[in-house]
There are 2 protein chains.
Amino acid sequence: MRLDIEALRVLDVVIQEGSFAKAAAKLHKAQSAISYQIKKLEQQFDVPIFDRSSYRAELTPQGRALWQEGRQLLQQAIRIENLADHYSKGWEPTFELVIDGALPLEPVMRAMKALAEKEIPTKIQIKVEALGGVQMRFDQDEANMMLVVDYTPSPKLNAIPLPEVPMILVTSKDHCLAQQKEVDLNQLLNYVELTIHDTSELPTSKLDSLQFGGDKVFYLHGFDSKKTCLLMGLGYGWMPLSLIETELACGELVEVDYTSSRHAFTPKLVHSAELPLGKAGELILSEVLSEFEALSR
Amino acid sequence: MRLDIEALRVLDVVIQEGSFAKAAAKLHKAQSAISYQIKKLEQQFDVPIFDRSSYRAELTPQGRALWQEGRQLLQQAIRIENLADHYSKGWEPTFELVIDGALPLEPVMRAMKALAEKEIPTKIQIKVEALGGVQMRFDQDEANMMLVVDYTPSPKLNAIPLPEVPMILVTSKDHCLAQQKEVDLNQLLNYVELTIHDTSELPTSKLDSLQFGGDKVFYLHGFDSKKTCLLMGLGYGWMPLSLIETELACGELVEVDYTSSRHAFTPKLVHSAELPLGKAGELILSEVLSEFEALSR
DNA sequence: ATTACCCTATCAGTTAAATCGATGGAGATG
DNA sequence: CATCTCCATCGATTTAACTGATAGGGTAAT
């Protein structure tokens, strides 16, 4: 394979400019260099590309077909150079973010939307896991970042605390618990608890610290469906305050009168302390940060 | 743009072989040449492609991403070389065949089917025109070949006569004409004549010599629909004998008892006498020829 | 530990490719 | 006819690619 990209570029310019001489001028080369390159192509391909019998060299049908294929190759070459340029400027080729499914996904999704509008060269992957599964996936995939409530600290990991997410224990206004005063744990256990499902396949090593431990538990896949279930009066459960402000204001959801019906946790953005974040990482960091700040207000 | 295909090939082989040294052996080059090429790539891209800190050089994420893009470029390069190889062996990039719609299309279609099974590198285009439109299109498109009943001869055109196509004037067994003996022209003009539509947009210069000139004429788009109309008893018309042999045998269609109810024309394959046919042209020629031979038997 | 390999980087020298500048022939232009 | 512009070709020159040898590590088996 002796095919030369430069030769294809010369061919392309010659065709666009209409003559060898003009192409030479445009490429800042001598006209003989153009002749040489075209001739080389013709010899390599063993196909006449130009018909020189008339005054101006004219493309042969074969030449035209090869030119069209060549343009695609040039496009691909430009693509590669652009990519390399991005990488050299600090963009990661790919960026994987693992999220704890117990966290509200909305701010992350909003951050991703904001990022998508900036046309980042980095391919971003997001994986949602839960509890132990988060760090497992982070380690296994050598992911770039994880967004967690809890993790095993290590000197190799760098954690950036996000603003607190206030949580509130609520139920539907039509649920029995809504009427009760000074609810105690035993009473809670009589009703259906709504919680987020653990996506990890392994037997969970740590228990969800926010779970009450009753025998009627509904495991859901996100706060969206949890909210729907709460509104249906299915049971009670923790919700991020920000997600149900309107429902609390209009009275559709009410706070359970439990000893500690308020709670807050601090999500953390964790990444490897060794290799620094690239441009995409920094961007994601700041976007997620600002979305969570909006959430805590 | 000084991206070099050879460098990408070297990168690809290095990755596949797992080391610079093995790649050097496979490419029949000195190991230093491999080092040189990889280094050149890294300098051009300003991106580290291999991590040399450990014993064997390991791909960086950027290197992997660029490699994957590079492979696509290599594929495209191979594609171009294959094409050129085909062209140099006499395959035309494209082949355009213009057919007179008054001819039976079936043998041409069968020829194309046979060709398709041979995986020809040539892109074949077929355009169906009629009467004057055929040669007009042939000239205008600078088509490679045309299949005609009639054409304006020229020293620049080379015509190959195909076997005669016997035509027969038929109608349905239930049509009035089927019962009549010694039909004359005036009687014919009372009934609906079925004929093939002229696809040329221009006012037809020459008249269809096989048309009777009555005022009840149905213009159809091919012998298939013409046959259907005949079987329905809509009228009478010329058909290639070979296409209606079974219907004649079982009596569904009958020959009109007209003075000259038999006729034969000689289709011709016409191509430029100046530039010789390429491999695709020769193939098409022989395929069409053999299909028409089958038709005339 | 010692030895024998195998990895990659680097350097000086060689070879081959790309390019330049000049020249010439042939069609277009006016 | 003179003058352009087009392209091919040739010798000279610059530049890029490659070789072969050497050196600095790491690996793996004894």
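Chain identifiers are assigned alphabetically (A, B, ...) following the order of the sequence lines, protein sequences preceding nucleic acid strands; residue numbering begins at 1 within each chain.
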Distance only, no hydrogens: is a donor on one side chain within 3.5 Å (strictly under) of an acceptor on the other, for B:Q135 and B:T152?
-> yes
For A:E17 and D:dC6, give me the distance from atom CD to atom C1', rounded to whole Å.
-> 15 Å
Stepwise, does the side-chain contact (heavy atoms from CB on, under 4.5 Å) test hold for B:L97 with B:F95?
-> CA-CA 7 Å; B:L97 172 62; B:F95 191 93; 4.2 Å; yes
Output yes when at least one side-chain N/O atom of B:S35 is less than 4.0 Å from OP1 or OP2 of C:dT8, else no.
-> no
For B:I38 and C:dT10, what is the distance between atoms CD1 and P respectively, to the nearest whole Å?
-> 14 Å
Is A:E6 side chain donor-acceptor paired with the C:dA18 base, going by distance under 3.5 Å alone?
-> no
Are B:Q37 and D:dC18 close enough that a side-chain N or O sits under 4.0 Å from OP1 or OP2?
-> yes
Can you check the A:I15 CD1 to D:dC7 P distance for me, whole Å?
-> 12 Å
Separation of D:dA16 atom C1' from B:R2 atom CZ, nearest Å, is 12 Å
Would you please confirm or rule out a distance under 4.0 Å between OP1 or OP2 of D:dA17 and any side-chain N or O of B:Y36?
-> yes
Could you state the atom-to-atom distance from CG of B:D4 to C1' of D:dA16 in whole Å?
-> 10 Å
Atom CD of A:Q31 and atom C1' of D:dT5: how far apart are they, to the nearest Å?
-> 11 Å
Which nucleotide in the list C:dT8, D:dC7, C:dG21 gets nearest to the side chain of A:S19?
-> D:dC7
Hey, is B:R2 close enough to A:E6 for a salt bridge, meaning N to O under 4.0 Å?
-> no
Specify the separation, in whole Å, of atom CG of A:L27 and atom P of C:dT19.
-> 9 Å
Should B:E287 and B:K118 count as an ion pair when the cut-off is N to O under 4.0 Å?
-> yes
Scan side-chain atoms only and decide if A:S286 and A:E282 contain a donor-acceptor pair under the 3.5 Å cut-off.
-> no
Where along residues 62-71 of chain A does a heavy atom fall under 4.0 Å from DNA chain C?
-> none
So, is B:K39 close to the C:dT10 phosphate, meaning a side-chain N or O under 4.0 Å from OP1 or OP2?
-> yes
Just how far is it from atom CG of A:L8 to atom CD of A:Q37, taken to the nearest 0.5 Å?
-> 9.5 Å
D:dT19, C:dC7, D:dA8: which one has an atom nearest the side-chain heavy atoms of A:F20?
-> D:dA8
Do the side-chain N and O atoms of A:D12 and A:Q16 include a donor-acceptor pair separated by under 3.5 angstrom?
-> yes
Scan B:A57 against the nucleic acid and name what it touches under 4.0 Å (heavy atoms): base, sugar-phosphate only, or nothing.
-> sugar-phosphate
Any chance you could measure B:N144, atom CG, to B:E96, atom CD, to the nearest 0.5 Å?
-> 7.0 Å
Taking CD1 from B:I34 and P from C:dC6, how many angstroms apart are they, rounded to a whole number?
-> 18 Å
Aromatic ring centroids of B:F138 and B:Y151 under 6.0 Å?
-> no
Minimum-distance nucleotide (side-chain atoms of B:K29 versus D:dC18, C:dC20, C:dT8) | D:dC18
Determine, stepwise, if the pair A:K279 / A:L283 fulfils side-chain contact (heavy atoms from CB on, under 4.5 Å).
-> CA-CA 6 Å; A:K279 284 198 180 181; A:L283 251 177; 6.0 Å; no
Which of residues 42-56 of chain A sit near DNA chain C, with a heavy atom under 4.0 Å from it?
-> A:Y55
